[in-house]
Structures are given as structure tokens and as C-alpha cells.
Trainee: 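Let me begin by handing over the structure; questions about it come next.
Below, read A as the first sequence line, B as the second, and so on, with proteins coming before strands; counting in each chain starts at 1.
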Amino acid sequence: MEGSVLVIGGGIAGIQTSLDLTELGFKVYLVEKTPSIGGRMAQLDKTFPTNDCSLCILAPKMVEVGRNPNIELMTYHEVLEIAGEAGNFTVKILKKPRYVDESKCKGCGDCASKCPKIEVPRLFDMNLGKRKSIYIPFPQAVPPVYVIDPELCLKITKGVCGVCQKVCKADAIDYEQKPIEFEIKVGAIVVATGFDMYGEELSKRWGYQYENVVNALEYERILCASGPYEGHVLRPSDKEEPRNIAFIQCAGSRDRQEDVPYCSSVCCMYTAKEAIITKEHSENSECYVFRHDLRAYGKNFYEYTQRAQDEYGVTYFQTKISKIIEDSKTNDLVIHYENLQTGKIETFKANLVVLASPLVPKKDSKELAKILGIELDKYGFFKEQSYYNKSKASKKGIFLSGFAQGPMDIPETVAGSSGVASEIATLLSSEKFSNTEEKIIETPEKEVKPSDEPRIGVLICHCGINIGKYVDVPKVVEKINKLPNVTHCEDNMYSCSSDSQERIKEMIKEYNLNRFIVASCTPRTHEPLFQETCEEAGLNKYLFEMVNIRDQCSWVHMKEKEAATQKAEDLIRMAVSKARLLKPQNEENLKIEPSALVIGGGISGMTAALNIANQGFEVHLVEKEEELGGILNNLYELFPNEDKASDFLVENIEKVENHKKIKTYLHSKIKDIKGYIGNYNISLSTLDNDKLELKVGTIIVATGAQELKPEGNFLYSDENPKIMTQLELEQKLTKDGDKWLKDIKRITTILCVNSRQKEGITYCSNICCSVALKNIRILKEMKPNLEMIVLYRDLQMAKKEFEDFYRERRQDAMFIRYSLNNLPSIEKKNNNYHINVINTNLQQELEFDTDLIILTTPLIPEDNMDELAKMLKVPLDGTGFFLEAHVKLRPLDFATDGIFLCGCAQWPKNIQDSISQANGAAGRASRFLSAGEITTSGLISEVNEALCIGCGKCEEVCPYQAVELREIEKTFEDITISIKKSYVNSALCKGCGTCGATCPVGAISVKHYDFDQIGVMIDSYLLEKTQAE
Amino acid sequence: MSKSKSKEIIKEFEPELLVFCCNWCSYAGADLAGVSRFQYPPNIRIIRVMCSGRVDPSFVLKALKDGADGVLISGCHIGDCHYISGNEYTRDRFDRLHSIIIQQLGIDPKRVRLEWVSASEGKRFAEVITEFTNEIKELGPLKLQ
Ligand code: FES
């Protein structure tokens, strides 16, 4: 078996899968077809529902991939062939010619600025922006390497020009490059190829052929500050600010004529986001959303769409679009639609139209499926092996991450990707760390004592001409050489090239340096490289300092050489003064107890436990009830298949009970949790021991959720047994079968009972619609002549196969839409109930009798979660569910390292998603278990106990629970008192420094960013300059 | 040590400005300004900190005392902080700092500024710096009593 994995696709799904895989002990080959990783997420402006800047949160992960020694990044590569089977695949890969040598290109961009070729549309900007024939897809691309478009390049097509080669100081241009084919061996393959968005493929009635009709991805680029219009909302035809912007929902999705029968699932949310951001960018614009159902079912999603309307004044219409036509004089658009509230045909004039057009499988999915020998589903997405496990493809050893499997949003993608990584870890568990390499630095670290006189070396980079042309580098070198403690300063052409690394090592040796500074580009990308070089020369990496004189100096002052030179000199002088005070720092290794605690024995908890146990670690599974299974115990059948819930449950419980590595504690309760990542002490009360002590390394919270009982609402009470909740219905079906349906003729299902309200429960609980529709199917099958009525507001049937399921149910039941402002009313009659409802679609009042009413209520958090949250020191969100570290990119982590989250404890979700999250959480947790230890950072806070007054402000502001007050005993002569002092846990501290700035007495120092260190930089800038002159 | 600036004033007043940027958003935004070649006045010097939450008010006061004509603190937009909530403390602290600056030191509050700049707002970073520099030029050199 091989200990390496091929990941196909470098979007967020591929990135997350790769990063998690390396941490679980595998080598990754990440193949990406385009010249950079980043995928669709890199193209987004912001992400919903927090309006996080998309690239801000993605770019650090991209950089991490680029630097990870166990990820072999293969951008501009393609997969040609595979052979073999799970555990042992051989893959043939094609390396396409970039015509630029990756090992030499420094990404400076001199080539593109001189390239004479007329500009062509830039794909990254959805063809709205322009690029040259030598280009980088976007400024933050990873790798930061240019590529030549061979169809446009004059040298390659006609043999003339060759300017880029002449201007490239790094000698990186190579017009002779040829495609190369080679083979790799891997144990597993991950398909993470993402999606495309329809544009031209749409039928003409959507109007995409007109200039001022754009699809939503194009609009993301328009909104983006680094997009083609620099974040100004302009319309393409005349670059004027549009006043009326129409957002069209379901523009082709859920539409069999467009051959996209499914719901694309994320459009309602990104439309709300785009409308909100539009309003933020241009106050005078008016945003109109033409919607059908409103599908906003994630955490804070529904509330977000409400805010778009209430706070930002976005107007929503319920409509059905018939066509969009351009007014050829003004290039405005006329939208023809049916107003679903009045039934009338109306028109609307917009200056710009944004289509939420279908998100479809990547164009070459078919070919890739053929190469890999796996199946596609009827929509063209990669087919999962079974509904309950969406991460496995139809062939063993091949896995699916992200949108390639079906529509999903970013957090679902990230959770699923972590899940895929952990499933691979169980498949290849015997091969962990067999193929990875850890960089071992052999040079012993030389001792640098605080009393040693600083001997500082400085290297100043010309970056080709990128710095040298705008900053007088030799002059700066001369000045810096005169500074006290600067032992040696020199300049060079490219500091990042490999011969420069050798030179740095030489300098350190030759001049016996104990501090080193490089003045070049940005530390965000290059600091780790230079730090590693210093380490190789025996210098502690925290004795290195970097100065940014390119991105933040030469490039932004291109017409002021003198001022730029002065600035560069100041910045380096400031770094020199900081460098004098730099101290070597230690990185500690902390052991991790190789076992996990899983709290909650429902399907999520059981799945997580099994996954971790299958990787060979001990798991303690704690369940408060007498039996495992959680809410599944109350279900009758599973959606959308017709599997009996009990069969599914028994199968899973058996696996858990028979697993040697899993210890199950039923009827048990957590009483106390102490410790931190790697070392938790848990005390537990179980059936036969009320003080059981466990030691574990990580914790997974899988406590589930419960169905709300709508006491008093819609006549729900003990007196009305014919009014029941969905779960009660399922229990009845399980217990009594279909006998009791004999005298029931008409059943009414009411959706959104007690949810999506203005007050109380404001959220959409995600799964209720599908539960309700599932039960309609079951009831109809039991008694085909039943009359079924559904009272609904919006139907959240957003997964790929759900829309079809819904379409079938429309044959089974009559669907009537009501609105929050006009709730249906129920009156009790002798033997049945009388319902009165206003059908919003036609504004008509309906009255009818019904024998049975099923109330569809939301899932709410389990009881007493605040107690557990306190013990774990993790937060709950406003609705009482657990709050993850980051809604987009860390959906399964808590901010506190070592504790993870999955299933309905985080948010209501169905079985498929619960399983995917559970595997993901298991993977996140077992990264630590697999490594066996963690390395703490040297950049952390430190408390000076003598100064600390024990006020606890630091503890309050730390988001990671890394700072806490501890009681310590102090003895003065013969009296001993206990006093409070602050303490920083190096395992948890992330080095943000907020505690340091908060401490009223200056007792907390932040290593590398300490008072003195920053203080001397300020002094050096403002006071030393005049001295130097 | 105090500086004599009389000579510079006659030429044209070139303010000396200090900028604190958090590593994850604002510093990245400043980098993007560079990558995109958005030009701005060369009067600032950036000090990088991991989070805007690290910026101790005493840093700002020290800079003013040392003769900086203005100080700008820049971090991620609220909600975007890499360390979850660091910038919320920056904001709260900043309000307090501002009142000290105005009431106790009699300094024009425009000289100390807080701006959220994301990693994709290269253009905005350049604009903020240009605007800040011009504003301080108008105010003239800072003279502490
Ligand atoms: S990291 Fe940018 S403000 Fe905290």
C-alpha cells in the first residue's frame, strides 16, 4: 500500500483535503488544471453570512499549501490515466508547458508589463478584466509563477518579439518547454474538481446574451475591490453606475427545460450577500430580488436574508420569470414575469441584471470519470457510493470532496473535505507517515545569550529591477553598514533564489552573525523561507527579521526615488533596532494522549467514534440515555431512500459495540473536564461508577438536538391527539403501523411551525421540509387514497436529489403557500378540525376540514448544553447551538484547539451531513492523535508574575482560553496567602498579543512584538533619522 | 529629544506618519496595493503586528511624543479578525485613546486614526494613506505642549 494520495482540483475542497491529509501523515500530490490553486473561492468577493473577505481567509491556506513539504503542488497539470486499485494506484500525469521555469520565476511581473501583445479577457475575472499573453491568473496566485498563453504569444506563434525573455532578470522564460508525462504511485485518489456556472449555455429567455446581464460569478468580480472595476458597481456596456439592479433567482436551476432539474443550493444566500454588498458599495442603487422559494437553511442564513430586506432595503418579489429583453437604445433590460402574489403578468425595467444561474458539474467531468473508472449521477455530478456516505465514489479508493459531488456551500465542502481525509486515513492507516518527510535541520543551534553583543547581517534585495529601479539600493547599503551593530550589509539580485540561501548561510558563518535581516518583498510569503535558511546556518529562527521594501515601498512610490530610498533606509534601520533586541525562542513539543472522548452516541457520535477507532486510537463514547442512536431511535424510515431507520441503526450500533477500541458508557454524564489539548482529565458518572476518571487527548462534541414541542400553538396539546409533530408521527408509525389510518381521510401538514419567525425561533431548521415530504410519501404509500394537504412558506429542498423528490410529492399532495403575516387558523370540531388559510399565491381564502394535523417544528438544542459548554470552555451561539471557530473555514473546530464539533450539536442537519461532519471532526481530531505531539509556537505571550496584579483582564479578552488566572501560594515570613496570577498556556496561545495590549500594568510581554521591540522601532524611525543626518 | 522642523516647513511640510497593520488583513491589503502598483505618498512607515489587538495605546502615545505627526492603526474588518475578536478590543481601546488624546493632550483627533482594511482592498489602502497624509499636511506639524 502507498502512503500518498492524489488530490485532483486545487479549490477550497482540494486545499482542505490536502492540508488535513498531510497532518494525518500522508504525502499529497495536488493536481490542478489551471496555473494557480484557489478555485472558485478565490474569485468571490465576500462570503455569506458574515461578509468575510473571501481571499483574506483563503490566501493563508493557499500559502500553507504552497509551503507544505508534504504537498507536491502540480499546477497546470492534468491526470491522463490511472491503473491499479485502492491502496495501489498508478497515475499518469501531464505537465503542460508554462514556458516559464517555475524554479526560476520570482513572480515580479516585469515580463507582463513589457509584453506588447494586445490584452485579452482575463478568465479569473470571468472575462471582464484584461490580461497579457504572459500573465499570472491573479496577484495572490500560488505558486506565484507566470505562464505564457501559447496561442497568443508572438514568439511562440510567429517567432517574433521575445521581449519577456529579454527583460526577465531571472532568466526564467523558456519558449522551448514541451509537455511532459510522468507517473506517480498513490494509495487513494480524491476528486475535488468543483463546478462551473452557466452563462451562454442558458436559453435565450434569460437574456445572458445582452451585455448588461451577467451571471453571479461575474458579478462577484465586479464587486471585488481587486476585480476589473476595482470594486465599483458598474455595468459592462457603458461603465456607468446602475441604479436599478435586478437579481434573478433560479435562473435555470430547478428547471427541466434547462436540463438542470436540481436546486443549485447556494444562490438564495449569495444573492442576498451580493445585494447587501451592492448597497454598501453604492448607496444610490436599488436592489430587487426576483425569487421563487427562499432557501436559507444554514446557521444565521434566514436571518441574513431578512436583514437584507429590513436593514438594507433590498426588495424581494415572488415571481416566475418569463423572459428578459434588452432595450437596445439604453441597454437597459425589461424583465417580463408573473407576479405570484397577484397572478398578474408584469414588467420591470433594470439597468443591470444578475442571474443566479445554475451551478453545474465541471465541463470535463465525463472525461475524468472515464479516466478514473467511476460513475456520474443523473445530473452529471460524481456519484457517491451510497446516499449516507457522500464522500466515497463508486469505486473503492476514490473519494469525492466538495461541489464535484453535488451542490453545497463552503462550510459543507470544508467539513466534507476533512471527512474525506479521515476516511482515507482509515483506508491507509497502516501507511501513515511512511511517505512523508520531516525536515530535520542538522546544524546545531548556536547559543545566543542576551549579554552577547548583537552582530547583525543585512541582505538588501534588488528583486531584479523591482526594487533596484525605484530605490537607490547601494546608497541604502552604505547607510545601513554604518549603523551600530551591523556587522555586514550587502545587496543582491534575488534574495529568494537558492544560491542566495547559500550566501546567507555563508554570511552568517563568515561574520559570526547572531541576527539576520532580509529587506526584500513581503514576510507573508517569504519569511518562512529565510527563517529556514537561518536555522540551517544554526541561527534560531526568531533571530531573523524581515523588511518589506518592495510591495510596501518601491512598488508604491515608483516616481519618487529619493523618498522611496529614504523610506527603505528608515524601514531597515527600524528593523535593525528591533533586531538588537530579538531573543531566541523555544518551540516546545507537547505529548498528546492517544485517545479521544466522544460526547453523544447518536449517528454523529457513533460515526466519529468508529472513524477514530478504525485509525487505531482508543475512543470513549459517552451517551446520556440507556441506548445508543439518539434521535434515530424515534425515526421510522430514512429520507430519501426507503430504508428502515431501525435497520440502519442496528447496523451502526453493532459496529460500535463490536469494536475493540471503543468503550461505550451508557446512561452516563460528564461531570468535569480539566486540562487542554493533548491532556484532558475527564470525570464521568456512569451507571456503576459515579466517579470514573479518563485521560484523553481530544474531545468531540456530538450531543445532537431535539424536536421542539409546540405547546399551545396550533391547538397542540394532550387533549388533541390528532395534532402531532413529525417525530410523534414517526413513533406512531413505528409502533402502530398503518392500522390507525383507517378512518383518516385527509391529513394536513403544516410547515415552519414555530420557526422562521420574527421573534422566538427566527431560524430555519434545515431538515423539516424533507422530513415532512418523506412522511407524506410514507403515508401515501400506506393508504393511497389519503388526501394530503401541505401548508408551507418556502420549501427547503436544496440537495441535488431533493428537488426531484419534491416534484414527485406534488402528485401526492396539494401545496398551499401561506405567509408569516397570515398564519393558518385551526378550529376544533366534533371529530375533526377546521382549517382556515390564505393562499398567498392567489390571495384567496381557503377553508377545509381535516382529520389529522401534522406540525413540522424545528430542531432545538439539547437541554443543559450551557453546562457542558462551560466545562469545555467553548461558546454557544445565539440560538443555543455550539459555535464553531469560523463559520466558513473551520466549521468543525472550536476556537480552542483540541475540541471538535459535529452533527446537530452545531446546527440541525440530516443524516448525510451528520455523517460527513462526524467523519470530518474525527479527522480533525485524529490529526493530533496521529502526530502524537504538537509543537507550540515561539511567538506567544508571557506573564511577568512580579508585575501581574491578578485583575483577569487578559483572561477575559483571550479568545482561545489560553490565558487564565491561577491561584498560587505566596509565603511572607510565616504567613502563607494565596493570590491570583495570570498564566499563559503555550499549547493554546496563538500569539495575537491582545492580552499584552490589555494588561493595565504591562505585565504581559508578547514575544517578538514586545514593548521594547516595538518601542525602539518607533524611536528609530522618529528620533534616529535626524541623528543619522 | 525634540526635532526642529522649521526648515522643512518652509520647503513643504512632509509629515512623518506611523502605521500599525495587522498581519492578516491590513498588511496583506498594503501588499496588494503594491502588487497592483497603486501609488500613495511615501510618508508612512508600517510596523507589522500579528493582530491590531496588539496595538497598545502606549505605542501611539510614544510615537506622538517622539514627533510623529500622525498614527494610523489598521486591522481586519470587524468580524474578520484572524484571532476572532482582537479588533473588537482595538476598537474599544481606540475610543478611550481618542478621548485621552483630545482631552489630556489637546491633539487634533484626526491625527490618530483607525481604519479597517481587508486583504483584497489594495486600492482602499492606498486611498486611506493618501487621504490621511493630505489631512495631516493640512493640519501641519504636530507641536506638543
Ligand atoms: S488579525 Fe487583523 S485585526 Fe486581528
Trainee: What residue, out of A:Ala563, A:Gly996, A:Ala225, A:Cys992, has the most heavy-atom pairs lying under 4.5 Å from chain B?
Mentor: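 The residue among A:Ala563, A:Gly996, A:Ala225, A:Cys992 with the greatest pair count is A:Cys992.
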Trainee: Taking the side chain as C-beta and beyond, is there a heavy-atom pair between A:Trp555 and B:Gln39 under 4.5 Å?
Mentor: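 They are not in side-chain contact.
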Trainee: How many angstroms lie between CG in A:Leu571 and CD1 in B:Ile46, if you round to the nearest 0.5 Å?
Mentor: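 Reported to 0.5 Å precision, the distance equals 8.0 Å.
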Trainee: Please classify the contact between B:Asn43 and chain A as side chain, backbone, both or neither, with a heavy-atom cut-off of under 4.5 Å.
Mentor: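 When you check distances to chain A, only backbone atoms of B:Asn43 fall under 4.5 Å.
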Trainee: For the interface with chain B, which of A:Ala564, A:Cys995, A:Gly1015, A:Ala895 has the highest count of heavy-atom pairs at distances below 4.5 Å?
Mentor: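 Looking at each option in turn, the highest pair count goes to A:Gly1015.
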Trainee: Is the positively charged end of B:Arg37 above the ring of A:Tyr470, judged by distance under 6.0 angstrom from the centroid and angle within 45° of the axis?
Mentor: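 No cation-pi geometry.
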Trainee: Who wins among B:His77, B:His82, B:Lys62, B:Arg124 for the most heavy-atom pairs under 4.5 Å with chain A?
Mentor: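 Of the candidates given, the most pairs with chain A belong to B:Lys62.
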Trainee: For B:Tyr89, is it the side chain, the backbone, both or neither that has a heavy atom under 4.5 Å from a heavy atom of chain A?
Mentor: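 Contact with chain A involves the side chain of B:Tyr89 alone.
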Trainee: Determine, step by step, whether A:Tyr960 and B:Ile84 satisfy the side-chain contact (heavy atoms from CB on, under 4.5 Å) criterion, reporting the C-alpha distance in whole Å, the side-chain angles of both residues, the deciding distance to 0.1 Å, and the verdict.
Mentor: CA-CA 9 Å; A:Tyr960 304 103; B:Ile84 303 168; 4.1 Å; yes
Trainee: When heavy-atom pairs shorter than 4.5 Å are enumerated against chain A, which of B:Ile47, B:Val55, B:Thr90 gives the highest number?
Mentor: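 Going by pairs under 4.5 Å, I would pick B:Ile47.
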Trainee: If I take atom CZ from residue A:Phe1011 and atom CG from residue B:Asp56, how far apart are they, to the nearest 0.5 angstrom?
Mentor: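 That separation rounds to 4.5 Å.
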Trainee: I'd like to know whether A:Glu527 forms a salt bridge (Lys or Arg N to Asp or Glu O under 4.0 Å) with B:Arg48, so could you lay out the CA-CA distance, the side-chain angles of the two residues, the decisive distance to 0.1 Å, and finally the verdict.
Mentor: CA-CA 13 Å; A:Glu527 191 174 54; B:Arg48 179 172 71 119; 3.2 Å; yes
Trainee: Would you mind checking which part of B:Tyr27 comes under 4.5 Å of any heavy atom in chain A, side chain (CB onward), backbone (N, CA, C, O), both or neither?
Mentor: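 It is both, since atoms from each part get that close.
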Trainee: Out of B:Pro42, B:Ala119, B:Ser58, which one racks up the most heavy-atom pairs below 4.5 Å with chain A?
Mentor: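 Answer, by heavy-atom pair count under 4.5 Å with chain A: B:Pro42.
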Trainee: Between B:Lys123, B:Glu121, B:Glu88, which residue shows the highest count of heavy-atom pairs closer than 4.5 Å to chain A?
Mentor: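 Between B:Lys123, B:Glu121, B:Glu88, the count favours B:Lys123.
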Trainee: With side chains defined as the heavy atoms from C-beta onward, is the minimum distance between A:Gln140 and B:Asp31 less than 4.5 Å?
Mentor: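 Counting from C-beta outward, A:Gln140 and B:Asp31 never come under 4.5 Å.
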Trainee: I'd like to know if the side chain of B:Tyr83 and the backbone of A:Thr994 have a donor-acceptor N/O pair within less than 3.5 Å.
Mentor: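 Here the side-chain-to-backbone pair does not exist.
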Trainee: Hey, could you give me the CD/OG distance between A:Glu230 and B:Ser36, rounded to the nearest 0.5 Å?
Mentor: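 With rounding to 0.5 Å, CD (A:Glu230) is 8.0 Å from OG (B:Ser36).
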